[in-house]
Amino acid sequence: MSENSVANNNQQNKVSNKQLLKLVMIPVLMFGFGFALVPLYDVFCEVTGLNGKTGRVEASEINQKQVDTSRTVKVKFIANTGNGLPWRFEPVVTDMEIHPGEIYEAMYRVTSRTDKPSVGQAVPSVSPVPASLHFNKTECFCFLNQELAPGETRDMPIRFVINHDLPEDIVEVTLSYTFFNIEQKQG
Amino acid sequence: MSTATTHDEHHDHGPASGLMRWVTTTNHKDIGTLYLWLSFIMLLTGGAMAMVIRAELFQPGLQLVEPNFFNSMTTMHGLIMVFGAIMPAFVGLANWLIPMMIGAPDMALPRMNNWSFWILPFAFTMLASTLLMEGGAPAFGWTFYAPLSTTYAPDSTDFFIFAVHLMGISSVMGAINIIATILNMRAPGMTLMKMPLFVWTWLITAYLLIAVMPVLAGAVTMMLTDRHFGTSFFDAAGGGDPVMFQHIFWFFGHPEVYIMILPAFGIISAIIPTFARKPLFGYSSMVYASASIAILSFMVWAHHMFTTGMPVAGELYFMYATILIAVPTGVKIFNWVSTMWKGSMTFETPMLWALGFVVMFTIGGFSGLMLGVAPVDTQYHDTYFVVAHFHYVLVTGALYSIIAAFYYWVPKWTGNMYDEKLGKIHFWWSTISVNLLFFPQHFIGLAGMPRRIPDYALQFAEFNMISSIGGFAFGLAQVFFLYIVVKTIKGGEKATDEVWEGATGLEFEQLPSPAPYHSFNTAPEVK
């Protein structure tokens, strides 16, 4: 057998740098694609309303003439706290009857139960999922971080409107907020 | 290439001796051997962890280990078996066989080959070292869902993250090497559609690897930055979403499932025709079926997530797409059965393992179809039914094919026949015990026993005891396998060059047994 192995071979067996570069580019691009999935996921959820994220509108954009007084929808309010935030958090009114297209105000109450200042961020979610595309807020405590002094109690309003084009089969909508401790995050 | 020129000075092409041979080797056969031994060690390590799990579940109640340690065991067992046992074993087989099957002298990128192997011992040492750390090893399951793996995970998780990075780098390098080898190093006349199916399935697998391992690397990188650098990819408090972790993970995870089974299809497609003494039925349909399974694997990931609150349209799509995969897979099963139809079959050990594969992989495939049906998955999700399903496809599927490949090609590798009697004992011992182990898990799963829990309700006691006894017996059978492997390497009846009557493929037709250290220095003739 010939001792000079690869070099003497008349096969086309040299891997060109160009081909190697192409092969290396696939994993590099796919690594980037993994991260690109994050914004893609957000866009997908926004378009489909999955995840129950609510929309935000300016009060001036709302056409008050499109109020559908013939329909009544029940809105329920839910409050939770997450990852060890020492707050008491609850809706002042647990549910209300509304007409699609009209602006309403609801109130949540939060009380700090710690002797240190604390910061929380509320994350909203609407159920059922199709309703979230039609649920808009002009004002919400979830737009900003909330900072509470030790033992402070605060009433926080939200102003919301459910668009008049809410699908007919939806008669009840649940709005849920979860307050997360965001100070811990920076640690 | 420089390796070739340094070798020119020697006339004898045998391997260097001593430990450094294995550290510095660029020979595809040496590296294949290293991979196979690593995967065997990992199989026994992961198997030992499975024994801890089955011992704890032998009786209801908490008997032997702390629940957190139990969770570490299920986590590490899964990670080690997937990334340490099954995947390196297939890469090892690819290293040994692909150059011989396509008539190439070695892999296309031999130095990178050495590197991609030698990363792995470090990766697994790092992963295993977490067992000794304060707070314990990762205990969040091999799927490491956020926030269990971010907010609530032990500090050792960072070692896990870097171990996954290393395994990913190793797999990607191995895959690039395999693609470059197959595309460039084929002997003249070895057209793509003449390649053995093992080469075909590995080519497709390698593309899957370079496409999805980087996504996994991205997922663990996001975990790392969420844990330490203030990002909120998976943290709802910062506007992220833990469910997104599952989407990214399973975008990797589902193709990963096929990474672990496509090379097995190639092995079975080599063994069955030899022992049925008929050419493989439907070669080109096998190629197309493999390719379509690979493409479909990118489109079905969310069937692992039916219970996360997906809209009905999403559930329907992922259900139909998942069940569609049964079509190309069915093509393969029917092709193997047709190959055997009216063949002159004999039942040597490799054939037994291959037949065991066909029967039991099909059982796993059917339970997979059941799980793919979205409405009933709500009941099966996270129960022992799932455990039974993926162990049928991974143990009696992937692992059986690897063992079959060992018995089929070991005479070519070592020049020695294995002990036929011991091989058959190994097969029957394993097959009886593996069914004792996993079949009852279907029943307790349907009855509602959740997975990953160290305790269970009393009504599951009998089946769990049967399952544990099967588990211990199956574990012992693989220690027996270690004895067979060592015995075969040390000696045995000399194999002929053909090894099996009428075996096809360049490795059997044109190379002596054992295959020389450097084979096909001159390209063979391919008709």
Side-chain angles (χ1 to χ4, degrees), chain A residues 1-16 19-20 22-38 40-42 44-45 48-53 82-85 120-123 125 127-130 145 178-187, chain B residues 1 3-5 7-8 10-11 13 103-106 108-109 147 151 168 172 175-176 179-181 183-188 207 209-219 221-222 230 232-233 235-241 243-244 247-248 251-252 309-311 314 516 518 520-523:
Chain A
M1 232 175 242
S2 145
E3 53 261 51
N4 37 354
S5 50
V6 189
N8 199 15
N9 220 321
N10 56 354
Q11 300 168 41
Q12 289 276 316
N13 59 17
K14 269 276 167 64
V15 183
S16 69
Q19 188 194 15
L20 205 57
K22 271 190 201 161
L23 283 175
V24 172
M25 280 314 285
I26 297 177
V28 171
L29 288 175
M30 287 309 288
F31 186 71
F33 177 74
F35 285 88
L37 282 173
V38 177
L40 283 175
Y41 180 83
D42 282 344
F44 186 80
C45 288
T48 56
L50 290 175
N51 246 357
K53 293 268 159 64
N83 64 342
L85 185 67
Q121 167 69 51
V123 175
S125 174
S127 171
V129 161
N145 292 343
T178 305
F179 249 116
F180 289 100
N181 189 350
I182 61 165
E183 253 183 336
Q184 198 184 52
K185 191 78 199 170
Q186 278 126 27
Chain B
M1 271 179 222
T3 43
T5 40
H7 278 163
D8 281 352
H10 310 282
H11 271 262
H13 266 200
D106 205 309
L109 307 157
T151 315
V172 166
I176 287 178
I179 295 172
T181 306
L183 295 186
N184 294 287
M185 308 274 286
R186 278 171 289 127
Y207 274 109
L209 275 170
I210 59 172
V212 300
M213 289 308 283
V215 176
L216 176 71
T221 308
M222 290 179 215
S232 297
F233 287 107
D235 185 1
D241 190 340
V243 175
M244 187 178 70
H247 281 287
I248 296 175
F251 185 84
F252 146 80
M310 230 188 290
H518 292 286
F520 294 132
N521 283 343
T522 324

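What you see below is based on every heavy atom in this structure, not just the backbone, and it leaves out hydrogens, waters and symmetry mates. We name chains A, B, ... by the order of the sequence lines, and we start the count at 1 in each one. It should be emphasised that the depicted structure is a prediction, and the values quoted were computed from it without experimental measurement.
In this structure, CD1 on Ile26(A) lies 12.0 Å from CG on Leu209(B), to the nearest 0.5 angstrom. The distance from atom NZ of Lys22(A) to atom CD1 of Ile179(B), rounded to the nearest 0.5 Å, is 12.5 Å. To the nearest 0.5 Å, atom CZ of residue Phe44(A) and atom CE of residue Met244(B) are 14.0 Å apart. One distance of note links CZ of Phe31(A) with CG of Leu216(B); it measures 10.0 Å at 0.5 Å rounding.
Contact detail for Ile248(B) and Val38(A): the closest heavy-atom pair is CD1-CG2, 4.3 Å. Val215(B) approaches Met30(A) most closely through the heavy-atom pair CG2-O, 3.7 Å.
By the ring pair (Phe, Tyr, Trp, His ring centres under 6.0 Å) test, Tyr207(B) pairs with no residue at all, sequence neighbours left out.
Your options are Pro128(A), Pro27(A), Gly32(A), and the one with the most heavy-atom pairs under 4.5 Å with chain B is Pro27(A). Ranking Ala217(B), Gly309(B), Ala175(B), Ala236(B) against chain A, the residue ahead of the rest is Ala236(B), based on heavy-atom pairs under 4.5 Å.
For the pair Asp42(A) and Asp241(B), the minimum side-chain heavy-atom distance is 4.5 Å or more. Proximity of Val24(A) to Val172(B): side-chain heavy atoms (C-beta onward) are nowhere separated by under 4.5 Å.
For Leu20(A), the part lying under 4.5 angstrom from a heavy atom of chain B is the side chain only. Interface remark: Phe35(A) contributes backbone and side-chain atoms alike to the contact with chain B (heavy atom separation under 4.5 Å).
A centroid separation of 6.0 Å or more is found between the aromatic rings of Phe251(B) and Tyr41(A).
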